[in-house]
There are 2 protein chains.
Amino acid sequence: MEIPSVVIDRLPLYARVLDNLEQEGQTVVSSQELGIRLNVTPAQIRKDLSYFGRFGKQGRGYNVSRLLEELRRILGLDHQWRMALVGVGRLGRAILGYEGFMPQGFKLVAAFDSDEATIGQELGEIRIDDVANLETVLEEQPVDIGIVAVTAEEAQSVIDALVGCGIRSILNYAPIAAHVPRDVQLRRIDPVLALQSMTYYLKHRQKSPSLTG
Amino acid sequence: MEIPSVVIDRLPLYARVLDNLEQEGQTVVSSQELGIRLNVTPAQIRKDLSYFGRFGKQGRGYNVSRLLEELRRILGLDHQWRMALVGVGRLGRAILGYEGFMPQGFKLVAAFDSDEATIGQELGEIRIDDVANLETVLEEQPVDIGIVAVTAEEAQSVIDALVGCGIRSILNYAPIAAHVPRDVQLRRIDPVLALQSMTYYLKHRQKSPSLTG
DNA sequence: ATCTGTGAAGCACTTCACAGCG
DNA sequence: CGCTGTGAAGTGCTTCACAGAT
């Protein structure tokens, strides 16, 4: 069965709240309570989870630790994933520097830049390589996920290079609509688009769609 | 007529490509060509634009400058919008430091932090205020948009304070599902969720299983 | 000949509502 | 009872397909 991608996108959200609940010492939770915490309807949570199995107990709810573990397994968060950063300028350093960014299970194993002065610098335990050597370096040291933090102009060719290396998941911070093959996951982080669509509602005073932040 | 929020979300994307086209000197564009550049179907582009008027010429396409101007007007990008940043730690500085972030028409006019050492520092032409004074400062100097770059723990109370000041658009970088009234726009920038959902596809569509973990 | 604008059809996601179990 | 799991109904977005304009 093909699971809707919107469902997959919500699973990390559920996992995060379950993590919070576990740390608060709560052992059982209902879809209603999860829904309140996440601004999601209880029916949607139950439906989403039902794609993967029957994790709840009727009359009681879900065991927090059990459900969290299941979600981590489903999402592959019980693996270690290797990432490469391309573009170690201001933006790239900011992404890494923000300590909350690198979650459990994700590890940076390579970094690339095109700037002479940047190449050769150390980034934690990693040496910054010339982006021209991207293919050869990633052949030796394969990665699962590429993070693109170069300029809009360079982004598409960097993404092409990553795809050429067999990478099938890319997180793109460059403000372009990049092209990738169907089997490659591409997510865009683009705060400017968010700002520019919010102004519509500021101008038009329209009722907002129900959103969760 | 109530315009679907997914449509509003795509308009800045269209505007960006039209901006590129204008700079390339192209004067006319078809929905087909826009669609190719954006990975969107031509029908969707035409449908989206039809919510707002009839901007094209049959047999020719759209005038690039004209359509760009219309979209800017619709989105309110012909206004000047004032923003406040709450949280001037690593993340907050990174957001501002990345020069591509602050687009035309958006201006930072206030910044807040809770850290003694940070309060009083200059940020461009702005003095960083104590977040405890948020209400009073924003009463004197009202803003349209709030940018939240504080920790997960502080985020909800900061968002409540912003909402209390009458702010109706918030860009939230903290990894929480915040609660706001229906008439407040809240957008979340959460790269970790993006990473954690991509791993699902890595795990489930991978040809050879990952050896790590 | 080409490309827009748009009702209608199609598709996908969400919500309902209730059987069933603890 | 309370709460899950789930077919069915409902809703909303996307795509089709073609009349109409240049």
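Chain naming here is simple, since letters A, B, ... match the order of the sequence lines and numbering starts at 1 in each.
Atom pair Y62(A):OH and dG22(C):P shows a separation of 15 Å (rounding to whole Å applied). At whole-Å resolution of the value, NZ in K47(B) and P in dC13(D) are 12 Å apart. To the nearest angstrom, P of dT14(D) lies 4 Å from CZ of R10(B). Whole-Å rounding puts the D9(A) CG to dA12(C) P distance at 16 Å. The CD atom of Q32(A) sits 15 Å away from the C1' atom of dA17(C) (whole-angstrom rounding). When rounded to the nearest whole Å, the span between CD of E70(A) and P of dT4(D) equals 16 Å. For the pair Q44(A) CD and dG10(D) P, the computed distance is 19 Å after rounding to whole Å. Computed from coordinates, the K57(B) NZ to dT22(D) C1' distance equals 9 Å when rounded to whole Å.
Checked against dC13(D), dG5(D), dT4(C), the side chain of S31(B) finds its nearest nucleotide in dT4(C). Nearest nucleotide to the side chain of S30(A), out of dT6(D), dC3(D), dT14(C): dC3(D).
For the pair F106(B) and L77(B), the minimum side-chain heavy-atom distance is below 4.5 Å. Contact check for L195(B) versus P103(A): side-chain heavy atoms found under the 4.5 Å cut-off. Put simply, the side chain of V28(A) does not reach to within 4.5 Å of the side chain of K57(A), judged on heavy atoms.
Phosphate proximity of dT15(D) to T41(B): present, with a side-chain N or O under 4.0 Å from OP1 or OP2. Within the 4.0 Å cut-off from OP1 or OP2 of dA1(C), not a single side-chain nitrogen or oxygen of R60(B) is found.
With 3.5 Å as the limit, one finds no donor-acceptor pair spanning the side chains of S169(A) and Q185(A). T41(B) and Q44(B) are not linked by any side-chain donor-acceptor pair at a separation below 3.5 angstrom, with hydrogens and angles left out of the test.
Checking R46(B) against Y51(B), the closest nucleotide of DNA chain D that is more toward the 5' end is the one next to Y51(B).
Looking at Q58(A), its side chain comes within 3.5 Å of the base of dT4(D) through a donor and an acceptor atom.
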